[in-house]
Amino acid sequence: KKAGDLARRERERRARKLKVEQQQTQAMVEGRKAEAEMLQQLRKDTAARRKAVHDERMLARHKEAQVESRSMRQMERAERARIETEEALNREAEEMRATLANR
């Protein structure tokens, strides 16, 4: 009977040891999985932040280009108006000279 008790206790000890090792292995696997998931989430967050920064920069450049384009159009209109006014004044002066010459 003692030999049977001893063998049973030895089996129980080995079973407990195996169970503890399995639990430790499982905990380690779960820890690595959680770490991998966290790293993946950090990568996604970083990519999203980079995209947001890029989008903001592109929007700012687009707005700058619109402002510059608007400014250029205003300058072109002002130049056209100046030229048209100058041409109208020159025509008027020519007409006045022609009128004076015909008198």
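Keep in mind that what you see is a predicted model, and the values were worked out from it rather than measured.
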Sub-4.5 Å side-chain heavy-atom contact between N90 and E86:
yes
Nearest 0.5 angstrom please: M58 CE to K51 NZ, how far?
11.0 Å
Mark yes when over 12 heavy atoms from residues, nucleotides or ligands other than R32 sit less than 6.0 Å from its CZ; otherwise mark no.
no
Rounded to the nearest 0.5 Å, how far apart are NZ of K19 and CD of E12?
12.5 Å
Quick check: does any side chain N or O of S71 sit under 3.5 Å from a backbone N or O of V67, one acting as donor and the other as acceptor?
no
Any chance you could measure E84, atom CD, to E79, atom CD, to the nearest 0.5 Å?
10.5 Å
Salt bridge (charged side-chain N to carboxylate O under 4.0 Å, His left out) evaluation trace for E64 with R61
CA-CA 5 Å; E64 284 177 28; R61 286 180 185 167; over 6 Å; no
Kindly check if the number of other-residue, nucleotide or ligand heavy atoms within 6.0 Å of CZ (R77) is above 12?
yes
Hey, which of R8, R9, E10 is the one that makes side-chain contact (heavy atoms from CB on, under 4.5 Å) with L6?
R9
Decide, yes or no, whether a salt bridge links E94 with R91 under the criterion of side-chain N to carboxylate O below 4.0 Å.
no
For the atom pair CZ (R11) and CG (L18), what is the distance rounded to the nearest 0.5 Å?
14.5 Å
Heavy-atom donor-acceptor pair, S69 side chain to A65 backbone, under 3.5 Å
no
For the atom pair CZ (R80) and CZ (R73), what is the distance rounded to the nearest 0.5 Å?
11.0 Å
Is atom CD of Q23 surrounded by more than 12 heavy atoms (other residues, nucleotides or ligands) closer than 6.0 Å?
yes
Residues 41-50 side chain polar contacts: donor-acceptor under 3.5 Å, at least two apart:
residue : atom : partner : partner atom : Å
Q41     : NE2  : D45     : OD1          : 2.9
T46     : OG1  : L42     : O            : 2.8

Determine whether more than 12 heavy atoms belonging to other residues, nucleotides or ligands lie under 6.0 Å from atom CE of M28.
yes
